[in-house]
There are 2 protein chains.
Amino acid sequence: MIEKISVLLVDDHAVVRAGYKTYLTLSEKIGTIYEADRGESACQLYSEYRPDVVVLDISMPGMGGFEAMRRMVNRDTQCKILVFSIHDELVFMTRAIKAGAKGYIIKNSEPEILTEAVCAIAKGGSYIEPKLAQKLALSVAIDGIEERSLKSLTPREFDVFCLLAKGLTTREASEKLRLSYKTVANYHTSIKEKLALKTVAEMALLASREGIIKTGHEKIL
Amino acid sequence: MIEKISVLLVDDHAVVRAGYKTYLTLSEKIGTIYEADRGESACQLYSEYRPDVVVLDISMPGMGGFEAMRRMVNRDTQCKILVFSIHDELVFMTRAIKAGAKGYIIKNSEPEILTEAVCAIAKGGSYIEPKLAQKLALSVAIDGIEERSLKSLTPREFDVFCLLAKGLTTREASEKLRLSYKTVANYHTSIKEKLALKTVAEMALLASREGIIKTGHEKIL
DNA sequence: CTGTAGAACAGGAATTATTCCCATATATTT
DNA sequence: AAATATATGGGAATAATTCCTGTTCTACAG
């Protein structure tokens with residue numbers, strides 16, 4: 001008989017873990033299920049039992065999902081991590097994959113997808129939420145294989161970005177930079193396009209995430 | 001024998017519902033459990049079966065949580081709603097209570113608290129997550145450093161605020177809330193005026209500071 | 001019971017902002 | 001010298017925002 005898949009479930013919400021568990025145990029391919037409610041214990045349990053697949057929620061307090069993932073990957077580059085996130089934004093998915101995740105699904109996914117993804121990853125494959133994969137494909141098709149990073153901004157665009165993200169109006173930014181309103185308005189547009197953002201609110205949040213502006217509540221990663 | 005408590009579970013994530021269900025069925029006081037994955041069907045099921053308690057996830061305001069609650073309360077002022085949220089910020093709790101919820105617990109709560117709260121509410125009582133209750137007491141003592149300005153927003157304005165601050169465009173927000181574009185555009189203006197903000201970037205930063213939206217770098221309180 | 005007030009919702013018209021497509025200048029690379 | 005990237009802004013079409021208006025509802029005071 002084939003070995004069953006062992007899984008380490010990491011999520012800080014007990015109820016949510018119960019939910020995952022319910023679905024995972026429905027599959028006869030899946031055996032032991034370990035549980036952890038935070039990154040620290042997840043790392044420890046991982047070292048101890050070496051589960052085949054880690055199902056990880058990345059929106060956790062404490063060390064956070066990303067950091068836990070990095071540590072596990074660091075310890076064992078072959079480790080198979082499936083990220084199960086509430087975020088359906090591409091940024092999170094690409095970040096997770098870059099950090100070493102083998103799969104990324106979201107909580108809105110059909111529950112069956114969970115076991116499907118776990119099995120795929122256990123076999124050495126990968127699994128990306130179809131909707132996100134498509135979204136990525138589209139965004140690539142539309143604006144090419146472009147670095148959606150702040151580094152893709154020209155110096156001047158970056159100046160404008162900082163001011164707009166901080167909450168200045170287009171007019172205020174143009175006065176501060178001694179530029180024509182039109183110039184700033186045009187940068188405004190090119191910045192959003194380069195960074196694939198739709199609104200200045202997204203600019204603000206990105207800047208906050210990147211530590212460019214302070215909200216007063218940042219945590220050190 | 002005493003009648004068992006019937007519960008309507010509202011959460012858009014199937015896995016999460018499975019989790020609630022696991023814990024709720026552990027108690028012999030709880031009987032039938034109905035499920036809904038969105039506000040619309042929740043309202044419909046509520047009218048149809050009149051469950052004793054509604055366990056409602058308001059994960060992100062606007063997407064149906066708050067609005068569904070208001071509708072149910074509208075239809076039956078005696079209806080007993082327990083909000084089960086991921087947000088441990090006071091704003092959400094006070095808003096939920098104002099909108100008619102009988103209880104508010106968070107997903108970080110010990111799972112046993114769920115059934116405890118459901119039972120308390122079924123009996124006509126109320127239940128507030130102890131940590132939040134304490135937090136509120138403290139903040140009242142300090143004379144609400146909390147969100148004094150956010151309080152000036154009407155419930156609907158608050159819904160719109162959350163979405164715009166998160167980076168949705170006016171059109172996207174109107175679609176999510178099923179409102180006319182014009183209505184959202186008008187709220188957009190009134191929100192900025194009430195909060196003395198000039199741009200949506202400022203809205204985003206304020207929301208981030210208040211912990212209403214996550215940038216992924218927040219400090220845990 | 002009636003009136004007032006607040007809130008939710010949305011249309012119309014005037015005003016602004018944004019987009020897209022230019023054009024020019026300058027500096028750097030190749 | 002030619003190509004490329006950047007900085008700067010104009011013009012015109014389009015879209016978003018503001019400000020004002022109105023209709024419903026509900027809540028609540030007198």
Side-chain angles (χ1 to χ4, degrees), chain A residues 142-144 146-147 149-165 167-204, chain B residues 39 43 61-62 64-79 94-95 97-100 150-165 167-204:
Chain A
I142 290 165
D143 37 58
E146 192 173 27
E147 262 294 326
S149 140
L150 288 178
K151 301 208 168 66
S152 69
L153 298 182
T154 69
R156 217 57 177 138
E157 282 171 342
F158 187 74
D159 292 344
V160 173
F161 170 81
C162 290
L163 296 178
L164 295 180
L168 300 226
T169 62
T170 303
R171 174 140 287 118
E172 287 169 339
S174 73
E175 281 158 9
K176 193 147 223 161
L177 295 172
R178 309 255 167 96
L179 288 175
S180 141
Y181 174 86
K182 289 285 331 195
T183 304
V184 175
N186 286 334
Y187 278 138
H188 186 312
T189 302
S190 64
I191 290 165
K192 281 196 289 191
E193 199 204 315
K194 280 191 180 179
L195 303 179
L197 306 172
K198 289 164 312 195
T199 66
V200 270
E202 287 184 328
M203 279 175 56
Chain B
C43 290
F66 273 111
E67 186 56 23
M69 175 154 62
R70 277 182 221 120
R71 288 193 199 173
M72 281 188 265
V73 172
N74 237 344
R75 219 168 287 185
D76 171 14
T77 40
Q78 297 308 303
C79 90
T94 51
R95 294 243 161 213
I97 299 299
K98 267 184 208 154
L150 283 181
K151 274 188 203 148
S152 67
L153 299 182
T154 69
R156 217 57 179 135
E157 283 171 342
F158 185 74
D159 290 344
V160 173
F161 171 80
C162 289
L163 295 178
L164 294 181
L168 299 226
T169 62
T170 304
R171 172 139 290 117
E172 286 169 339
S174 73
E175 279 159 9
K176 196 146 217 163
L177 295 173
R178 308 249 165 96
L179 289 176
S180 141
Y181 174 85
K182 288 284 330 190
T183 304
V184 175
N186 288 333
Y187 278 138
H188 186 311
T189 302
S190 65
I191 290 165
K192 280 195 292 191
E193 199 205 318
K194 279 190 180 179
L195 303 180
L197 305 173
K198 289 164 309 193
T199 67
V200 270
E202 288 185 326
M203 280 175 56

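To find a chain, count down the sequence lines: A is the first, B the second, and so on, and within it residues start at 1.
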Atom [atom1] of [X] to atom [atom2] of [N]: distance rounded to whole Å?
X	N	atom1	atom2	result
B/L153	C/dG6	CG	P	16 Å
A/L164	C/dA17	CG	P	13 Å
A/I191	D/dT6	CD1	C1'	14 Å
A/L168	C/dA17	CG	P	14 Å
A/F158	D/dT6	CZ	P	15 Å
B/H188	D/dT18	NE2	P	6 Å
A/K194	D/dA5	NZ	P	10 Å
B/E193	D/dC20	CD	P	10 Å

**Message:** Walk me through whether B/R171 and B/E175 qualify under side chain to side chain contact (heavy atoms under 4.5 Å, CB included).
**Reply:** CA-CA 6 Å; B/R171 172 139 290 117; B/E175 279 159 9; 3.6 Å; yes

[X] and [Y]: which non-hydrogen atoms are nearest, and at how many Å?
X	Y	value
B/H188	B/L164	CD2-CD1, 3.5 Å
A/A201	B/A204	O-CB, 3.6 Å
B/C43	B/A68	SG-O, 4.0 Å
B/L197	B/M203	CD1-CG, 3.5 Å

**Asked** When you look at NZ of B/K198, are more than 12 heavy atoms from neighbouring residues, nucleotides or ligands closer to it than 6.0 Å?
**Response** yes

**Prompt:** Can you tell which of C/dA7, C/dC20, C/dA10 lies closest to the side chain of B/T183?
**Reply:** C/dA10

**Asked** Given C/dG11, D/dG9, C/dT19, which nucleotide is nearest the side-chain atoms of A/S180?
**Response** D/dG9

Looking at [X], I'd like to know whether one of its side-chain N or O atoms comes within less than 4.0 Å of OP1 or OP2 on [N].
X	N	value
B/T189	D/dT17	no
A/Y187	C/dT18	no
B/T154	C/dA8	yes

**Request:** Measure from the side-chain N and O atoms of B/T199 to the backbone N and O of A/T169, and report whether any donor-acceptor pair falls under 3.5 Å.
**Result:** no

Identify the pairs formed between an N or O of the protein and an N or O of nucleotides 11-16 of chain D at a distance under 3.5 Å, and give each distance.
unit_1 : atom_1 : unit_2 : atom_2 : d
D/dG11 : O6     : A/K182 : NZ     : 2.6
D/dA12 : N6     : A/K182 : NZ     : 3.2
D/dA16 : OP2    : B/R171 : NH1    : 3.4
D/dA16 : O5'    : B/Y181 : OH     : 3.3

